[in-house]
Amino acid sequence: MSFTAADHAFMARALQLAARGLFTTTPNPRVGCVLVRDGAIIGAGWHEKAGAPHAEINALREVGAGGTAQNATAYVTLEPCSHHGRTPPCADALITAGVSRVVVAMQDPNPLVAGQGLAKLRAAGIAVDCGLLENEARELNIGFVSRMTRGRPWLRLKIAASLDGKTALANGQSQWITGPDARRHAHGWRARSCAMLTGIGTVRDDNPRLNVRDGVGGDTPRQPLRVVVDSRLEISPAAAILAGGGCLIACAVDQPEKAAQLRALGAEIVVLPNPQGKVDLPALLQELGRRGINEVMAEAGLKLNGSLLREGCVDELLIYQAPVLLGDGARGMADFGNLTELAAAKRLDILECRPVGADFFIRARCA
């Protein structure tokens, strides 16, 4: 299918609208819709949060009671749903509205939809074109796609380090290697995440809250689920991360008394041992996927970082490097053993490199 310049412009607008739900739609995908007739937008909308109307419905409502979408073209960033969930099928709403053409950025990876919405539209005599700005749409919902196709969320590993790749002094002190601009930038990634993941070592050394602060995430009250990997269930009941409840602790041993104490503080315990007596990290990601978690951001120490990388759990790295040197005795980014040949090195594809304040930001994916 050959798309026109106008098609590209209207789909780009739909993607801009979809991005407005960056911090709020979880566990649903971020979707935007633009309705066009005679070269002009007559209605536009985006999905704001789970349980609220979908993008197509909001766009149709914007047309207004006095208007009509008859013979309009709908530009939608994700295939219109064809099943009854919390809301009725959007494919049916577009058919009822009388649109003549639907342009879709990408097919929905959800098995409940997966082409059925497109088929329903075509069966109703509507012209359907799919694949316009598909890569951009996929990137916007990369966590949702991961959960639907792999059963696990997309995991980003965030690391704040010195120029020589050190994340903390030998005594564990790490606050703050990077500056305020880098920390604010990182909170933007936190805000779009469904869960924050850390290890017991970081909880002991830094006592983090792992919530969204620094004025990012818009006015949404949503905070990511906080997840702690704690094989022996050593976390202190006074840990800041437990404040307010809503923390998930993954361990490898069943300790009923300690677990009961933590549950009384509002925490949830899952026991997921691997054969080595540690937390089974791939199983933890599958568990998070079952809970509707699309995107996870890990902020941990070199041991958990190394385990996540070694066990194939990391999809993307967010590295903030400060123009300081901490020396050979400081702690590194990740511990995944002593490599004996360069062929075993972790190869990365760099997606983005740029300054953030006085620091440098690198976004990369595992090759």
Side-chain angles (χ1 to χ4, degrees), residues 18 21-31 47 49-51 54 77-79 81 83 85-87 106-116 137-158 189-199 210-212 220 222-231 241 245-252 267-275 278-300 304-305 307-318 365-366:
L22 190 67
F23 306 122
T24 59
T25 63
T26 181
N28 289 354
R30 299 139 183 157
V31 184
H47 181 48
K49 62 180 180 179
H54 289 186
T77 61
L78 187 69
E79 175 184 0
C81 60
H83 66 290
R86 296 190 192 183
T87 57
M106 65 173 288
Q107 183 173 300
D108 194 334
N110 187 344
L112 294 176
V113 184
Q116 297 179 53
R138 184 175 297 274
E139 284 294 318
L140 187 62
N141 285 307
I142 198 164
F144 179 76
V145 172
S146 175
R147 181 166 65 87
M148 290 297 154
T149 58
R150 302 188 298 177
R152 48 151 286 188
W154 183 264
L155 189 143
R156 297 184 179 94
L157 177 59
K158 177 256 181 179
W189 289 100
R190 275 192 188 186
R192 68 174 287 170
S193 301
C194 309
M196 294 295 303
L197 176 70
T198 194
L210 287 191
N211 57 1
V212 177
T220 174
R222 184 186 71 82
Q223 288 286 345
L225 172 70
R226 292 158 295 169
V227 183
V228 179
V229 176
D230 182 7
S231 295
I241 201 167
C247 182
L248 178 68
I249 303 174
C251 62
E268 185 178 356
I269 314 297
V270 291
V271 183
L272 297 169
N274 66 14
K278 302 290 187 179
V279 172
D280 188 325
L281 296 174
L284 175 58
L285 291 186
Q286 292 290 324
E287 173 63 24
L288 294 177
R290 285 191 289 272
R291 293 167 180 252
I293 300 295
N294 293 331
E295 298 180 20
V296 175
M297 182 168 164
E299 294 190 22
L304 182 54
N305 287 354
S307 295
L308 289 167
L309 284 162
R310 187 176 58 251
E311 297 181 37
C313 297
V314 177
D315 297 302
E316 194 167 35
L317 288 94
L318 310 174
R365 288 190 181 158
C366 296

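This chain uses plain numbering: 1 for the first residue, then up along the sequence.
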Report task. Applying side chain to side chain contact (heavy atoms under 4.5 Å, CB included), name anything that partners A298, two or more places apart in sequence or on another chain. Result -> L155, L157, L197, L308
Report task. Would you mind reporting whether T25 and V31 have side-chain heavy atoms less than 4.5 Å apart? Result -> no
Query - Any residue meeting salt bridge (Lys or Arg N to Asp or Glu O under 4.0 Å) with E299, in chain and number order, not counting sequence neighbours - result: K158, R190
**Report entry** Test item: L317 and C366 side chains (from C-beta on) under 4.5 Å apart, heavy atoms
**Finding:** yes
**Report entry** E79 side-chain N/O to G115 backbone N/O, donor-acceptor pair under 3.5 Å
**Finding:** yes
**Report entry** Nearest-0.5 Å distance that lies between atom OG1 in T24 and atom CZ in R30
**Finding:** 8.5 Å
**Report entry** Approximate separation, where rounding is to 0.5 Å, of R365 CZ and I142 CD1
**Finding:** 4.0 Å
Query raised in the report: With T26, which residues qualify under side chain to side chain contact (heavy atoms under 4.5 Å, CB included), at least two apart?
Result: C194, R222, N294
Query raised in the report: At what distance, to the nearest 0.5 angstrom, does CD1 of I293 lie from CZ of F144?
Result: 13.5 Å
Query raised in the report: Quick one: are W154 and V145 in side-chain contact, heavy atoms under 4.5 Å?
Result: no
Report task. Check side-chain hydrogen bond (donor to acceptor under 3.5 Å, both in side chains) between R310 and all other residues, then give those that pass, not counting sequence neighbours. Result -> S307
Query raised in the report: With sequence neighbours left out, what residues match P224 under side chain to side chain contact (heavy atoms under 4.5 Å, CB included)?
Result: M196, V212
Query raised in the report: Going from CG on N141 to CZ on R147, what distance comes out if it is rounded to the nearest 0.5 angstrom?
Result: 10.5 Å
Query raised in the report: Taking only residues two or more places apart in sequence, or in another chain, which ones meet N305 in a side-chain hydrogen bond (donor to acceptor under 3.5 Å, both in side chains)?
Result: none
Query - All salt bridge (Lys or Arg N to Asp or Glu O under 4.0 Å) counterparts of E311, not counting sequence neighbours - result: none
Query - Results of salt bridge (Lys or Arg N to Asp or Glu O under 4.0 Å) for R152 - residues two or more places apart only - result: D315
Requested in this report: Just jot down the side-chain hydrogen bond (donor to acceptor under 3.5 Å, both in side chains) partners of E268, sequence neighbours excluded, or say none.
Outcome: R291
Requested in this report: Quick one: list whatever passes side chain to side chain contact (heavy atoms under 4.5 Å, CB included) with S231, sequence neighbours left out.
Outcome: A252, K278, V279
Query raised in the report: Closest approach of F23 and R192, non-hydrogen atoms and distance?
Result: CD2-N, 3.5 Å
Query raised in the report: Partners of D280 by salt bridge (Lys or Arg N to Asp or Glu O under 4.0 Å), sequence neighbours excluded?
Result: none
Report summary line: Across all chains, not counting sequence neighbours, the side-chain hydrogen bond (donor to acceptor under 3.5 Å, both in side chains) partners of R156 are E295, E316
Query raised in the report: Hey, is the main chain of L210 close enough, under 3.5 Å, to the side chain of R226 for a donor-acceptor pair?
Result: no
Query raised in the report: Which pair of non-hydrogen atoms, one from G289 and one from P153, has the smallest distance, and what is that distance?
Result: N-CD, 3.8 Å
**Report entry** Exercise: identify the closest heavy-atom pair between I241 and C247
**Finding:** O-CB, 3.9 Å
Query - Side-chain heavy-atom pair V296, L288 within 4.5 angstrom cut-off - result: yes
**Report entry** Exam field: side chain D230 to backbone C251, donor-acceptor pair closer than 3.5 Å
**Finding:** no
Report summary line: Closest non-hydrogen atoms of A300 and G199, given as atom of the first, atom of the second and distance, are CB-N, 4.2 Å
Query - Approximate separation, where rounding is to 0.5 Å, of L78 CG and H47 NE2 - result: 10.5 Å
**Report entry** Spacing of CG belonging to L304 relative to CG belonging to L309, to within rounding of 0.5 Å
**Finding:** 9.5 Å
